[in-house]
There are 2 protein chains.
Amino acid sequence: MGARRRAKRGVTIVDVAEALGVAPSTVSNALHDKDIVAPRTKARIMAMAKAMNYEASAAARALVTRQSSSVGVILPDFANPVFNEIISGLNSILVPAGYATLVASTANDGRTCKAAIHAFVKRDVDAIVVISQCLDIEETAQLAGCGLPVVLVHRTPADWQTTHAPSSTFDYVGMDNTGGVYALVRHLADLGHRRIGFITGPKQSSAACERTRGFRDGVAALGLDAAPELVADGSYDFIAGMRGARELLSLPQRPTAVIAANDLMAFGTMDVAQQMGLSVPKDLSIVGVDDVFFSAFPMISLTTARQPATEIGESVGERLLERFSDEALSPIAVTLPVEIIVRHSTAEAPSRVDPGSPLSTDNLEAYLASRWKPSTIIVA
Amino acid sequence: MGARRRAKRGVTIVDVAEALGVAPSTVSNALHDKDIVAPRTKARIMAMAKAMNYEASAAARALVTRQSSSVGVILPDFANPVFNEIISGLNSILVPAGYATLVASTANDGRTCKAAIHAFVKRDVDAIVVISQCLDIEETAQLAGCGLPVVLVHRTPADWQTTHAPSSTFDYVGMDNTGGVYALVRHLADLGHRRIGFITGPKQSSAACERTRGFRDGVAALGLDAAPELVADGSYDFIAGMRGARELLSLPQRPTAVIAANDLMAFGTMDVAQQMGLSVPKDLSIVGVDDVFFSAFPMISLTTARQPATEIGESVGERLLERFSDEALSPIAVTLPVEIIVRHSTAEAPSRVDPGSPLSTDNLEAYLASRWKPSTIIVA
DNA sequence: TTGAAAGCGATACCAC
DNA sequence: GTGGTATCGCTTTCAA
């Protein structure tokens, strides 16, 4: 039935103390390098501890200090590689400092998310990092109520605050979405594009809104065509990109460039362009935001604004370390700069705008879905 | 300096006991649903615990039971999305059972890997899952020495054993690499291909060797062209795919189909084919193994043998749960079946074999590297 | 069936 | 500086 008792027994602090004829408390102090211990004693203890291969028990320490030296990370889903990069950056800071990372996915579901927070709190994590679009009032309250340091990634506390909590002491780490897209607009304007389309991310995401704002700001500042039909609603996935692209490219006077709020939608746009017989970048320039792994592929070679994912993770890690050593810190917001990576999906605006061949399919949704389906699955 | 003491104080088991006027041990027993407790008492305790919002302290429990209800996962790197899928599957089993997952990356480095194992053991993880190509003798010994259940993913214990450890009690979970590639060969043979090229994975990986064997077995069994020059050495990355493809497609009599040992190399092959003016799948069929996210993209639409990553994770989780309830279990090896996903990168063999235009570049390496480089990086 | 008490291993406080 | 010892919250004998 129940799990068998583990036989393993390690060397305890008492063992070390007895071996040396000193008190456990002295050993503890020495191991923590407290100045109160005499240098000679400290040296003896250190040596003996090493010789006996002493390892402090994380559980015992956690019980008394109420700190587990671990932080919980909540992701919306495991599928998006960009979260890995963030965790990688986070770990690069936290692991050397003796912390471990617990990960959980919300699967974009409130209940799962709440359960994850719950599980983390129960395990006495020292902090919670949230990279999730789907926290609601309840989860926010739960998070605020547990009294732990919380860092929000890609979601501004302001957004959070106005949407949900009356006041929040959460830290924020994100990227310069507005500036990134603005720079993208300028890049295209420099290439002579005057009529640029934009496919937005989901409206509930503050980061997506910032990207849209960067577009509008750029268009206004550079005096480009600001026709409202040049902004299409999207939602960060490939299909949304296809849908948005189809809308924009079917316009009576189609844009000569399209900015998608993320790379995935830019890929969708590429696909539609190709189907309409538009060659990229000769007939149409396409750019995205994020710089996912595949954007660098020669066959894709997408111009994009790079999300500094690793740096975001590192920044979160550093901030956490700060908070651990000084709990009184007031919340901060870190906005990391982005780089524009110019590849081969952008070029000078065409002198003559070829409308392209209209998409033949009537039932777009079914058509889009069918483009994903393999024709056969053979069970080997 | 040091971390401030956390003020938080939760409801303890003693609190619940006092509120009811019973003994802590009875509460403990009731909460564990032990039959020894009278049904009425049990009900009262359960109710009160819920009412008081009681949460067991993981640390206290871990201290006495020597089990932390957590498992450590070691990945080679955080970049590969397939590992996420595995973790996702693992969590879907482990989290409902009350376990948490700790992740660490070896960054393909022995020292980091050792440190990760060490950190896990110190934290009393109940098991370690290793998804890593880079464990060496030392790490293996370390792993075997800590007396914890260990599950190897994508690396057979046999391989492990002959290469490193004299004996191993590790479980293994992987996929049917041989059968998958065999099925791929048959699929191509059914389409009329007789001369098929293969780009291998890294030779030190047992999984890669199995894939190569699947190819050779298929070619032999189906009586296809078994010329040795049809097998090119690769290493699982895009550049290796390009290199291998260039080698195979420059053959005096080029193959009409190429199987790459993974999808990334298949993408590299697509890229080279395109540059040589070969149209896929009309002139050349291309297949991979893994079915990464991008393989499903309409613009790629790669025929491939799907790696059952989620299922692998689930299988690992289930196995772990089994071992937790019965430590005496002898090690097992689970090989999960693969599916062949037929998309649009494969078609009937061409009746006439167009050699394609030879790649113009002399210095292939420099050329390959340059294909990746963005022309400009603009710091916004 | 329930209760009392002894740890688990480390920390922290207070004497000495 | 160092040594005793209570304590963290839970599980687990062993008695009643």
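Atom set for the values below is all heavy atoms of this structure, side chains included, hydrogens, waters and symmetry mates excluded. Protein chains get the first letters and strands the later ones, always in sequence-line order, with residue 1 at the start of each.
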Does the side chain to side chain contact (heavy atoms under 4.5 Å, CB included) test come out yes or no for B/Phe170 and B/Ile332, once each step is laid out? CA-CA 8 Å; B/Phe170 301 158; B/Ile332 57 166; over 6 Å; no

Looking at every strand, decide which applies to A/Val27 at a 4.0 Å heavy-atom threshold: base, sugar-phosphate, or nothing. nothing

Please check if the side chain of A/Thr65 supplies one atom and the backbone of A/Arg61 the other of a donor-acceptor pair under 3.5 Å. yes

Should A/Leu20 and A/Arg44 count as side-chain neighbours, where that means a heavy-atom distance under 4.5 Å? yes

Sub-4.5 Å side-chain heavy-atom contact between B/Tyr99 and B/Ser69: yes

Most 5' of B/Val22 and A/Leu31 on DNA chain C, judged by nearest nucleotide: B/Val22

So if I take every side-chain heavy atom of B/Ile13 and compare against D/dC10, D/dT12, D/dT2, which nucleotide ends up nearest? D/dC10

Does A/Thr12 place a side-chain N or O at less than 4.0 Å from the phosphate oxygens OP1/OP2 of C/dC8? no

Which nucleotide sits closest to the side chain of B/Arg61: C/dT2, C/dA10, D/dT11? D/dT11

Testing C/dT11, D/dT2, D/dC10 for proximity to the side chain of A/Thr41, the answer is D/dT2

Nearest to the side chain of B/Leu63, heavy atoms from C-beta on, is which of D/dT2, C/dT11, D/dG9? D/dG9

When all nucleic acid strands are considered with a 4.0 Å heavy-atom cut-off, which category describes B/Ala59: base, sugar-phosphate, or nothing? nothing

Length of the line joining B/Gln67:CD and C/dC8:P, which is rounded to integer Å: 17 Å

Ranking D/dC10, C/dT1, D/dT2 by distance to the side chain of A/Ile36, first place goes to D/dT2

Atom-pair distance (CD on B/Glu55; P on D/dC10), nearest Å: 10 Å

Evaluate the side-chain proximity of B/Tyr54 to B/Ile13: yes if any heavy-atom separation is below 4.5 Å, no if none is. yes

Distance check needed: D/dG9 C1' versus A/Arg123 CZ, whole Å only. 16 Å

Nucleotide nearest B/Ser28 (side chain, heavy atoms from C-beta), chosen from D/dT12, D/dG3, C/dT11: D/dT12

Between D/dG9 and B/Tyr54, is there an OP1 or OP2 to side-chain N/O distance shorter than 4.0 Å? no

Could you tell me how far apart A/Leu20 (CG) and D/dG1 (C1') are, to the nearest whole angstrom? 15 Å

What is the distance, to the nearest angstrom, from the CD atom on A/Glu18 to the P atom on D/dG3? 13 Å

NZ/NE/NH1/NH2 to OD/OE distance under 4.0 Å, A/Arg323 and A/Asp171: yes

Would you say A/Thr26 reaches D/dG3's phosphate, i.e. side-chain N/O to OP1/OP2 under 4.0 Å? yes

Send over the distance from A/Lys34 NZ to D/dG1 P, rounded to a whole Å. 15 Å

5' priority, DNA chain C, between B/Asp35 and A/His32 [closest heavy atom]: B/Asp35

Atom CG of A/Asn29 and atom C1' of D/dG1 are separated, to the nearest Å, by 10 Å

Could you state the CZ-P distance from A/Arg66 to D/dT7, rounded to the nearest angstrom? 15 Å

Output yes when at least one side-chain N/O atom of B/Ser25 is less than 4.0 Å from OP1 or OP2 of D/dT12, else no. no

Out of C/dA4, C/dT11, C/dG7, whichever nucleotide has its closest atom nearest the side chain of B/Ala23: C/dA4

